[in-house]
A.B. asks: 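Structure provided below as structure tokens; questions to follow.
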Amino acid sequence: MKLRHTSPQRIKKLENIKKQRGKYPLLAERIVKMSDIILEILDSRFITETRNPEIETQIKKENKKIIYVCNKTDLIDIKKINKEGIVPSPKVFVSCKNRKGIKELRNKIKIIANKIETPVEDSFDKIIVGVVGYPNSGKSSVINLLIGKKTAGTAAEAGFTKGIQKIKLTKRINLLDSPGIIPHKEYSGSKKEAISKHTKLSARSYSQVKNPEMVVSDLMKEFPSVFEDFYKIQAKGNSEILIEKLGRQKGFLKKGDQVDEDRTARLIIKDWQFGKIKI
Ligand SMILES: Nc1nc2c(ncn2[C@@H]2O[C@H](COP(=O)(O)OP(=O)(O)OP(=O)(O)O)[C@@H](O)[C@H]2O)c(=O)[nH]1
Ligand SMILES: [Mg+2]
């Protein structure tokens, strides 16, 4: 972590945050406090589900500026994105994969930053832009494209960014990369439902999910025909049939010529989470 040009109080703050690994909702609160502008990175396929009402309420309460960044537009049929509704302004639609929308986002940040007279860290006159969002939504990827080089680490599996990283965007603007944050209330809801949702949103890795077959079944219910079309397998919308046929095709077999359902379901989730399957 680069801490040059940083006040002693700030160093302490960052160290405290590092100790809080695992308590990400608390960490989110701190990031909002430290920032002048917050980029909330959303998944364009699941804009409402990836919004974090808790963080948004805090941002409003503390009178901070927010920009909604709807990422991964390459994974959804452009006609299916409701660019007007769902998410309020200011918002930008981007695709890190196709490098789309980044210039517009950079400009929006600069325009809003220029209107801020007294930044939180006023002794250095630096504007802090905190980047928050669900695990795997593309926070680090957005930062890398904004600054034009790979400084923030990215990975296909969720939970990659563990601490806070401060990265210079311009002379006057610093970005803060942060670990993915799942709203508090989603820890307390039905466990099964939450696991399925988090896996769908790629916040829980295909390699870690306990019941991958259930997740595939939920995914196929929500996106009828998408998976059958992708694998070119007819399964009448039934996940068990898809898993059976795909497993056999891939040669994922256990003793007694049985299809290894767990392994096959994980492959499907992996393809989904790695952005191979478009909706
Ligand atoms: N298809 C597609 N994939 C993207 C896009 N942006 C990011 N990704 C991929 O999504 C995965 C997660 O990206 P990261 O930038 O590491 O996401 P993050 O939000 O920082 O993740 P954590 O630090 O784990 O919370 C990586 O495999 C990226 O390549 C995009 O616009 N389109
Ligand atoms: Mg990250």
Side-chain angles (χ1 to χ4, degrees), residues 1 17-18 20-28 30-31 35 38-47 49-52 55 67-78 80-81 83 87 91-106 129-167 169 175-183 186-187 197-209 223 226 230 269-279:
M1 199 181 337
I17 281 164
K18 261 188 121 178
Q20 296 213 350
R21 247 175 227 187
K23 292 188 186 165
Y24 291 154
L26 250 179
L27 197 138
R30 296 251 185 138
I31 292 167
S35 305
I38 290 97
L39 306 187
E40 186 176 20
I41 313 297
L42 307 169
D43 186 322
S44 294
R45 295 168 295 174
F46 311 106
I47 290 179
E49 285 171 286
T50 46
R51 281 179 70 178
N52 187 321
I55 298 182
I67 302 175
Y68 298 94
V69 181
C70 305
N71 187 31
K72 305 197 183 184
T73 52
D74 56 286
L75 291 177
I76 181 167
D77 184 347
I78 206 82
K80 286 188 192 157
I81 304 182
K83 289 206 166 190
V87 62
K91 61 186 154 202
V92 186
F93 286 87
V94 307
S95 162
C96 290
K97 190 175 175 205
N98 296 342
R99 299 167 173 266
K100 278 197 175 152
I102 297 296
K103 217 170 162 183
E104 190 189 340
L105 176 60
R106 199 183 295 121
V129 180
V131 182
V132 300
Y134 239 82
N136 208 256
S137 54
K139 298 172 291 299
S140 303
S141 302
V142 167
I143 290 176
N144 287 337
L145 283 177
L146 279 173
I147 62 166
K149 58 182 172 206
K150 273 201 156 189
T151 301
T154 64
E157 287 192 56
F160 187 78
T161 307
K162 300 282 194 306
I164 288 194
Q165 193 184 0
K166 194 153 99 175
I167 298 153
L169 177 66
L175 297 165
L176 280 187
D177 193 12
S178 71
I181 293 147
I182 290 173
E186 287 183 23
Y187 288 116
K197 174 184 172 180
H198 297 155
T199 310
K200 175 181 84 175
L201 301 177
S202 305
R204 179 185 285 263
S205 166
Y206 71 94
S207 61
Q208 279 170 11
V209 62
F223 306 106
V226 163
F230 178 75
I269 300 170
K270 185 178 176 190
D271 286 342
W272 168 256
Q273 294 193 337
F274 279 36
K276 289 192 185 165
I277 304 168
K278 224 175 131 170
I279 58 170

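One-based numbering, in listed order, for ligands and for the atoms of each.
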A.B. asks: Nearest heavy atom to atom 5 (C) of ligand 1 wins, so pick from R45, K278, K72.
C.D. replies: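 Heavy atom nearest to atom 5 (C) of ligand 1 belongs to K72.
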A.B. asks: To the nearest 0.1 Å, how far is atom 16 (O) of ligand 1 from its closest protein heavy atom, and which atom is that?
C.D. replies: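 Ranked first by proximity to atom 16 (O) of ligand 1 is A155 N, 3.1 Å.
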A.B. asks: Starting from atom 32 (N) of ligand 1, find the nearest protein heavy-atom neighbour and note its residue, name and distance.
C.D. replies: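 Residue, atom and distance for the closest contact: D74 OD1, 2.7 Å.
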A.B. asks: Enumerate the atoms of ligand 1 whose separation from the nearest heavy atom of S95 is less than 4.0 angstrom.
C.D. replies: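 Result: 31 (O).
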A.B. asks: Nearest protein heavy atom to atom 23 (O) of ligand 1, by residue and atom, and its distance?
C.D. replies: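 Looking only at protein heavy atoms, the one closest to atom 23 (O) of ligand 1 is T161 OG1, 2.8 Å.
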A.B. asks: Distance-only, no hydrogens or angles: does the S35 side chain make a donor-acceptor pair with backbone N or O of I38 under 3.5 Å?
C.D. replies: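 No.
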A.B. asks: Enter the distance from F93:CZ to I47:CD1 here, rounded to the nearest 0.5 Å.
C.D. replies: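 That separation rounds to 4.5 Å.
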A.B. asks: Tell me whether S178 has any N or O atom under 3.5 angstrom from an N or O of ligand 1.
C.D. replies: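 N/O-N/O distance below 3.5 Å does not exist for this pair.
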A.B. asks: Are any of the N/O atoms on P179, whether in the backbone or the side chain, positioned under 3.5 angstrom from an N/O atom of ligand 1?
C.D. replies: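 So ligand 1 has no N or O lying under 3.5 Å from an N or O of P179.
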A.B. asks: Side chain, backbone, both or neither: which applies to S202 and ligand 1 if a contact is any heavy-atom pair less than 4.0 Å apart?
C.D. replies: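 The answer is neither.
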A.B. asks: For T73, is at least one N or O under 3.5 Å away from an N or O on ligand 1?
C.D. replies: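 In fact, backbone or side chain, T73 has no N or O that close.
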A.B. asks: For N71, which part has a heavy atom under 4.0 Å from ligand 1: side chain, backbone, both, or neither?
C.D. replies: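 Only the side chain of N71 comes within reach of ligand 1.
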A.B. asks: Kindly give the heavy-atom pair with the smallest separation between S178 and V132, and that separation in Å.
C.D. replies: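 Heavy atoms only, the tightest pair is OG-CA, 4.0 Å.
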A.B. asks: Give the numbers and elements of all ligand 1 atoms closer than 4.0 Å to a heavy atom of P135.
C.D. replies: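 Contacts of ligand 1 toward P135, numbered from 1: 25 (O).
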A.B. asks: Tell me whether E49 contacts the main-chain N or O of L201 through its side chain, where contact means a donor paired with an acceptor under 3.5 Å.
C.D. replies: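 Not a single qualifying donor-acceptor pair exists.
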A.B. asks: Could K276 and F274 be counted as a cation-pi pair, given that NZ or CZ must be under 6.0 Å from the ring centre and within 45° of the axis?
C.D. replies: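 No, K276 does not sit over the ring of F274.
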A.B. asks: Does a side chain donor of either T50 or D43 reach within less than 3.5 Å of an acceptor in the other side chain?
C.D. replies: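 Checked: T50/D43 side chains show no N/O donor-acceptor pair below 3.5 Å.
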A.B. asks: Closest by any non-hydrogen atom to atom 14 (P) of ligand 1: pick that one out of S141, G133, G180.
C.D. replies: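 Looking at heavy atoms only, S141 sits closest to atom 14 (P) of ligand 1.
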A.B. asks: What protein heavy atom sits nearest atom 21 (O) of ligand 1, and how far off is it?
C.D. replies: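 Looking only at protein heavy atoms, the one closest to atom 21 (O) of ligand 1 is N136 N, 3.2 Å.
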A.B. asks: Between L75 and ligand 1, find which residue part has any heavy-atom pair under 4.0 Å and reply side chain, backbone, both or neither.
C.D. replies: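 The answer is the side chain of L75.
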A.B. asks: Just to confirm my output: which protein heavy-atom neighbour is closest to atom 25 (O) of ligand 1, and how far is it?
C.D. replies: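 Looking at atom 25 (O) of ligand 1, the protein heavy atom closest to it is K139 NZ, 2.9 Å.
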A.B. asks: Counting heavy atoms only, which of C96, A156, S44 comes nearest to atom 27 (O) of ligand 1?
C.D. replies: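 Checking each option, the heavy atom nearest atom 27 (O) of ligand 1 is found in A156.
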A.B. asks: Does S140 bring an N, O or S atom to under 2.8 Å of the Mg ion (ligand 2)?
C.D. replies: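 Here the distance criterion (N, O or S atom, under 2.8 Å) is met by S140, so yes.
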